[in-house]
Asker: 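What follows is a single structure, and I will ask about it in a moment.
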Amino acid sequence: MDAVAALNEIAFWLERGRAATFKVQAFRKAAAAIGSLPPDEVAARARTGRLKSMKGIGDRTFQVIQQAVEGSVPEYLADLREKGAVPLAAGGASVRNALRGDLHSHSDWSDGGSPIEAMVAAAEVLGREYLALTDHSPNLTIANGLSVERLTEQLDVVDAINAASGGDNGKVRLLAGIEVDILESGRLDQEPEMLDRLDIVVASVHSKLRADRKTMTERMLGGITAPHTNVLGHCTGRLVEGGRGTRPQSEFDAAEVFAACAENNVAVEINSRPERQDPPDNLIQLALEAGCLFSIDSDAHAPGQLDFLQYGAERAERNNVPLERIITTWPVDKLLEWAAK
């Protein structure tokens, strides 16, 4: 078995299982450390033990490499594969099986932990037909948001990745996108000329989340009625668990906000991150009654997190969201035609 592939797959399973970041990075760093070496040299260094002296190689990663170059599946990887065969979510199979894509993901261009290519490769393994790359916009400096210049450069990378796939039906179609901040004024945090060039625009509020109900409602309505917005991201901003602690949901007029989403052809995101579970079930029901479309998204910041869609699928099924109203079940051509309206 290829040692680099084994290390990266272990990192994937650990991310999927929400392991500590330092543990995941140990395997990704080890993969990077040996990635530039010829396989024969990796094997020779593993046999003699010289690999242990390389920066980024620890006892566990050395063991994995050693077993891989000997031609077997490393024991640690085999164990993770066995655990990974169990679905993350107990329910949601009917929705999960209908999902074709994911419209919210981040790379190391903003606050994600992996290169774009690694995110695409993981999406392929998971059977996705399309993946939107939605790194942050400039105002979110803490997340290394993309300026006009950096977003322009990223669009060239997206084009190159899609060109390399050569239209292969088994390859993921990478969609050019952004998670754009809805500023306090209600404006979107990117130049309209740049938004015109994108396939998908996810608009989200990331700051001043404790603003009063009237202020937050007006802010959200500004983002929803902006002509480029396709998806309203994690609408309440809440956190219900995880390392960042908990955070209450924002106060806004949900009936007015969801009515605006339905009227302006904006899908409400069912954010699949376990710490968000956003929107809560009562607001999903309110959005259903308002006639909204939905987008089940992973909001992945690492390859293994792309499989978090299972959690969103379970919540959609539990709330009886019709498949035809979930835009991430649509074929890519239908999706892009809808997004361009």
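Worth saying up front: this structure is predicted, and the values here are computed from it rather than measured. This chain uses plain numbering: 1 for the first residue, then up along the sequence. Quick note: numbers below take in every heavy atom, side chains included, and nothing from hydrogens, waters or symmetry partners.
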Asker: What's the shortest heavy-atom distance between S272 and F308, and which atoms?
Answerer: CB-O, 3.1 Å

Asker: Do W338 and V266 sit in one hydrophobic cluster, given that two such residues count as connected whenever their side-chain heavy atoms are within less than 4.5 Å of each other, even indirectly?
Answerer: no

Asker: Would the number of heavy atoms belonging to other residues, nucleotides or ligands and lying under 6.0 Å from CD of E117 be above 12?
Answerer: yes

Asker: If you measure from CG on L37 to CG on D40, what distance do you get to the nearest 0.5 Å?
Answerer: 11.0 Å

Asker: Would you find more than 12 non-hydrogen atoms of other residues, nucleotides or ligands less than 6.0 Å from E82 atom CD?
Answerer: no

Asker: Run the side chain to side chain contact (heavy atoms under 4.5 Å, CB included) test on S137 and E179 for me, step by step, so that the C-alpha distance in whole Å, both residues' side-chain angles and the decisive distance to 0.1 Å come before the verdict.
Answerer: CA-CA 7 Å; S137 60; E179 184 183 14; over 6 Å; no

Asker: Got a salt bridge between K214 and E218, using NZ or NE/NH1/NH2 to carboxylate O under 4.0 Å?
Answerer: yes

Asker: Are the side chains of Q277 and Y311 in contact, using a 4.5 Å heavy-atom criterion?
Answerer: no

Asker: Would you give the length of the straight line joining atom CD of Q67 to atom CD of E70, rounded to the nearest 0.5 angstrom?
Answerer: 7.0 Å

Asker: Do you know which two heavy atoms are closest between H106 and D135, and how far apart they sit?
Answerer: CA-OD1, 3.4 Å

Asker: Give a yes or no on this: more than 12 heavy atoms of other residues, nucleotides or ligands lie within 6.0 Å of atom CD of E41.
Answerer: yes

Asker: Please assess E241 against R18 for the test salt bridge (charged side-chain N to carboxylate O under 4.0 Å, His left out), listing each intermediate value before the final yes or no.
Answerer: CA-CA 12 Å; E241 61 170 88; R18 304 171 67 190; 2.7 Å; yes

Asker: Applying a strict under-4.5 Å side-chain criterion to I, L, V, M, F, W and Y, I'd like to know whether W330 and I200 cluster together.
Answerer: yes

Asker: Do the non-hydrogen side-chain atoms of L283 and F258 ever get within less than 4.5 Å of each other?
Answerer: yes

Asker: Donor-acceptor pair, D199 side chain versus G177 backbone, under 3.5 Å?
Answerer: no

Asker: Among the clusters formed by ILVMFWY side chains lying less than 4.5 Å apart, do L140 and L198 turn up in the same one?
Answerer: no

Asker: Can E15 and R28 be counted as an ion pair, charged N to O under 4.0 angstrom?
Answerer: yes

Asker: Is the shortest distance from a Lys or Arg side-chain nitrogen in E184 or R219 to a carboxylate oxygen in the other one below 4.0 Å?
Answerer: no

Asker: What distance separates L103 CG from L133 CG, expressed to the nearest 0.5 Å?
Answerer: 12.0 Å

Asker: Which residue is it: K83, E75, R81? I am looking for the one with a side chain to side chain contact (heavy atoms under 4.5 Å, CB included) to D79.
Answerer: K83

Asker: Distance-only, no hydrogens or angles: does the R238 side chain make a donor-acceptor pair with backbone N or O of D278 under 3.5 Å?
Answerer: no

Asker: Where the side chain of T236 meets the backbone of P279, is there a donor-acceptor pair that is under 3.5 Å apart?
Answerer: no

Asker: Please check if the side chain of T328 supplies one atom and the backbone of I296 the other of a donor-acceptor pair under 3.5 Å.
Answerer: yes

Asker: Any chance the side chains of D181 and H136 put a donor and an acceptor closer than 3.5 Å?
Answerer: no

Asker: Just verifying a value: how many Å separate N264 CG and L232 CG, rounded to the nearest 0.5 Å?
Answerer: 11.5 Å

Asker: Find out if a path of hydrophobic residues (ILVMFWY) with successive side-chain heavy-atom gaps under 4.5 Å connects L288 to I327.
Answerer: no

Asker: Could you pull out the closest heavy-atom pair between S147 and P138, with the gap in Å?
Answerer: CA-CG, 3.9 Å

Asker: Got L151 and Q154 here, is their nearest side-chain heavy-atom distance under 4.5 Å?
Answerer: yes

Asker: Report yes if the side chains of L175 and L335 come closer than 4.5 Å at any heavy-atom pair, otherwise no.
Answerer: yes

Asker: Going by an N to O cut-off under 4.0 Å, is there a salt bridge joining E256 and R213?
Answerer: no

Asker: OG of S250 to CE of M216: how many Å apart, nearest 0.5 Å?
Answerer: 4.0 Å

Asker: Decide yes or no for R273 and Q305: does some side-chain heavy atom of the first lie under 4.5 Å from some side-chain heavy atom of the second?
Answerer: yes

Asker: Kindly write out the residues that satisfy side chain to side chain contact (heavy atoms under 4.5 Å, CB included) with R100, not counting sequence neighbours, or none if the list is empty.
Answerer: E129, Y130, P331

Asker: Please answer: with hydrophobic residues joined when any side-chain heavy atoms are less than 4.5 Å apart, are I270 and L239 in the same cluster?
Answerer: no

Asker: Run the side chain to side chain contact (heavy atoms under 4.5 Å, CB included) check on V64 and L77 step by step: do they pass?
Answerer: CA-CA 8 Å; V64 167; L77 176 55; 6.0 Å; no

Asker: Has the side chain of T61 got a donor or acceptor atom that lies under 3.5 Å from a matching backbone atom of F27?
Answerer: no

Asker: How about H206 and H234: are their ring centroids closer than 6.0 Å?
Answerer: yes

Asker: Which pair of non-hydrogen atoms, one from C261 and one from V268, has the smallest distance, and what is that distance?
Answerer: SG-CG2, 4.1 Å

Asker: Closer than 3.5 angstrom, by distance alone: can the side chain of N319 be matched with the main-chain N or O of V321 as a donor-acceptor pair?
Answerer: no

Asker: Is the shortest heavy-atom distance from the side chain of W109 to the side chain of P115 under 4.5 Å?
Answerer: no

Asker: Is R60 positioned over the aromatic face of Y76, cation under 6.0 angstrom from the ring centre and no more than 45 degrees off axis?
Answerer: yes

Asker: With a 3.5 Å cut-off and no angle check, do the side chains of D307 and Q310 form a donor-acceptor pair?
Answerer: yes

Asker: Roughly how far, to the nearest 0.5 Å, is OG1 of T229 from CG of L188?
Answerer: 4.0 Å

Asker: Does atom CG of D156 have more than 12 heavy-atom neighbours, drawn from other residues, nucleotides or ligands, at distances under 6.0 Å?
Answerer: yes

Asker: What verdict does the side chain to side chain contact (heavy atoms under 4.5 Å, CB included) test give for L146 and S110, after you've listed the backbone C-alpha separation in whole Å, the side-chain angles of each residue and the deciding distance to 0.1 Å?
Answerer: CA-CA 7 Å; L146 272 61; S110 63; 4.1 Å; yes

Asker: Do R96 and E314 meet the salt-bridge criterion of a basic N to acidic O distance under 4.0 Å?
Answerer: no

Asker: For L323, does its backbone N or O pair with a side-chain atom of T329 as donor and acceptor, under 3.5 Å?
Answerer: yes

Asker: Do you know which two heavy atoms are closest between A122 and P303, and how far apart they sit?
Answerer: CB-CB, 3.6 Å

Asker: With F62, which residues qualify under ring pair (Phe, Tyr, Trp, His ring centres under 6.0 Å), at least two apart?
Answerer: none

Asker: Would S105 and D299 count as having a side-chain donor-acceptor pair, cut-off 3.5 Å?
Answerer: no

Asker: On a heavy-atom basis, which atom in L209 and which in G237 lie closest, and how many Å separate them?
Answerer: CD1-O, 4.1 Å

Asker: Between D212 and T215, do the side chains contain an N or O donor and an N or O acceptor separated by less than 3.5 Å?
Answerer: yes

Asker: Keeping the roles fixed (side chain from N230, backbone from V201), state whether a donor-acceptor pair exists under 3.5 Å.
Answerer: yes

Asker: Would you say the side chain of H104 lies within less than 4.5 Å of the side chain of S298, judging by non-hydrogen atoms?
Answerer: no

Asker: Look at the side chain of R150 and the backbone N and O of N144, then say whether any donor-acceptor pair between them is shorter than 3.5 Å.
Answerer: yes

Asker: Is there a side-chain contact between T152 and R197 in this structure, where contact means two heavy atoms from C-beta onward sitting under 4.5 Å apart?
Answerer: yes

Asker: Looking at L306, is its backbone amide N or carbonyl O close enough to the side chain of R128 to form a donor-acceptor pair, meaning the two atoms are under 3.5 Å apart?
Answerer: yes

Asker: With side chain to side chain contact (heavy atoms under 4.5 Å, CB included) as the test, would you mind laying out the steps for I178 and M194 before giving the verdict?
Answerer: CA-CA 10 Å; I178 191 171; M194 289 304 302; over 6 Å; no

